[in-house]
Amino acid sequence: MATISVIIPTYNEINYIEDAIKSVDFADEIIVIDSFSTDGTREKVLELGCQLLERKFDNFSSQKNHAIQYAKGDWVLFLDADERVTQKLKSEILSTIQNSKHGGYKISFPHFFMNRFMYHKVDRVVRLVKNNELHFTGDVHEKLHFQGSEGHLKNFMIHYTYKGLFHLLQKKDSYAWFQAHTSYKKKKKATYFHLIFKPFYRFFSTYILKLGFMDGIPGLTLASINAYGVFSRYAKILLIEKDLK
């Protein structure tokens, strides 16, 4: 029988972590890699019988790479605290790891925004992989490298993407600063052309090409905020370049 480890990165997720852990109670082990939470997250993790690792956060890839070293399962499932494995997805995961055709599998995540799931705003990310020479690269939108071919699971993962409009805007600004500093270190330049064209294209891509308009007002709102996030990133790159001249 193939075994499975679940890895969950956390920081101050007391309102979410218990339900996340309970949704993967089928796992052979659950490893939580925490960035020294102060809200009771670590105590709740220990209370629920999970393995707790603590590490100062530097970037998302390093956190997960550290946790991978402790995973003993034949397979690894990566889960965020605001995500939930449904019963249908659980059954598909357990069936897949016993009769796998691929080394890794993408899972679909419809966004949850303004009290509804947006099935035309879906991320597809590799989250279930064989535990064989795994590692992540990238600081924010990290990429998972694994051995073998790639498949796609049919059932959705529940993802409570945004905890309100203020949280979403705050998240976009936080990511924008992080991406701006990363881009500057890699000597990627920003121009006023990027500042105008890139946000417009992100809106067009999200709202038109990816059928966001079919999600009504939430689709329009999310496309606008995504465009703002891109604008914010390039504006911050220009600010960094200006300040360091």
Exam field: side chain [X] to backbone [Y], donor-acceptor pair closer than 3.5 Å:
{"X": "Thr41", "Y": "Ile14", "result": "yes"}
{"X": "Asn12", "Y": "Ser37", "result": "no"}
{"X": "Asn155", "Y": "Glu92", "result": "no"}
{"X": "Thr191", "Y": "Phe193", "result": "yes"}

Flag side-chain contact, heavy atom, 4.5 Å: [X] against [Y]:
{"X": "His159", "Y": "Pro110", "answer": "no"}
{"X": "Leu79", "Y": "Met157", "answer": "yes"}
{"X": "Gln98", "Y": "Asp74", "answer": "no"}
{"X": "Lys172", "Y": "Ser232", "answer": "no"}
{"X": "Lys90", "Y": "Ile93", "answer": "no"}

* To do: State, to 0.1 Å, how close Ala20 and Arg84 come at their nearest heavy-atom pair, and which atoms those are.
  =>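 Smallest interatomic distance, heavy atoms only, reads CB-NH1, 3.4 Å.
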* For Lys106 against Glu150, the heavy-atom pair lying closest together ->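 Scanning both residues, the minimum pair turns out to be CE-OE2, 3.1 Å.
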Kindly compute the distance separating [atom1] ([X]) from [atom2] ([Y]), expressed to the nearest 0.5 Å.
{"X": "Trp75", "Y": "Thr96", "atom1": "CH2", "atom2": "OG1", "value": "7.5 Å"}
{"X": "Glu142", "Y": "Lys64", "atom1": "CD", "atom2": "NZ", "value": "3.5 Å"}
{"X": "Tyr201", "Y": "Ile208", "atom1": "OH", "atom2": "CD1", "value": "12.0 Å"}
{"X": "Thr10", "Y": "Gln63", "atom1": "OG1", "atom2": "CD", "value": "9.0 Å"}
{"X": "Leu89", "Y": "Leu77", "atom1": "CG", "atom2": "CG", "value": "7.5 Å"}
{"X": "Ile30", "Y": "Lys22", "atom1": "CD1", "atom2": "NZ", "value": "11.5 Å"}

* Would you please test Tyr228 and Asn226 for side chain to side chain contact (heavy atoms under 4.5 Å, CB included) and show each step? => CA-CA 5 Å; Tyr228 162 76; Asn226 283 342; over 6 Å; no
* I would like to know whether Thr3 and Asn131 meet side chain to side chain contact (heavy atoms under 4.5 Å, CB included); could you show each step before the answer? => CA-CA 10 Å; Thr3 57; Asn131 192 359; over 6 Å; no
* Please name the residue in the list Glu54, Glu47, Glu13 that meets the salt bridge (Lys or Arg N to Asp or Glu O under 4.0 Å) test with Arg42. =>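 Filter result, single survivor: Glu54.
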* To do: Using side chain to side chain contact (heavy atoms under 4.5 Å, CB included) as the criterion, list what pairs up with Ser91, not counting sequence neighbours.
  =>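 Once residues adjacent in sequence are excluded, Ser91 has no partner under the side chain to side chain contact (heavy atoms under 4.5 Å, CB included) criterion.
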* Asked: Do the ring planes of Phe197 and Phe200 sit parallel (below 30°), tilted (30 to 60°) or perpendicular (above 60°)?
  ->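 Tilted, since the angle between the ring planes falls between 30° and 60°.
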* **Other cluster members, Leu53 - Ile/Leu/Val/Met/Phe/Trp/Tyr, side-chain contacts below 4.5 Å** =>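 For the cluster that includes Leu53, the remaining residues are Ile7, Ile31, Ile33, Ile68, Tyr70, Val76, Phe78, Val126, Val129, Leu134, Phe136, Leu144, Phe146.
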* Asked: Honestly curious: do Phe156 and Tyr16 fall in one hydrophobic cluster under the side-chain, below-4.5 Å linking rule?
  ->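 Yes, one cluster joins them.
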* To do: Any chance you could lay out the side chain to side chain donor-acceptor pair (under 3.5 Å) test for Ser61 and His135, step after step, and finish with the verdict?
  => CA-CA 8 Å; Ser61 290; His135 70 280; over 6 Å; no
* Determine, step by step, whether Tyr160 and Asp80 satisfy the side chain to side chain donor-acceptor pair (under 3.5 Å) criterion, reporting the C-alpha distance in whole Å, the side-chain angles of both residues, the deciding distance to 0.1 Å, and the verdict. => CA-CA 10 Å; Tyr160 294 106; Asp80 288 342; over 6 Å; no
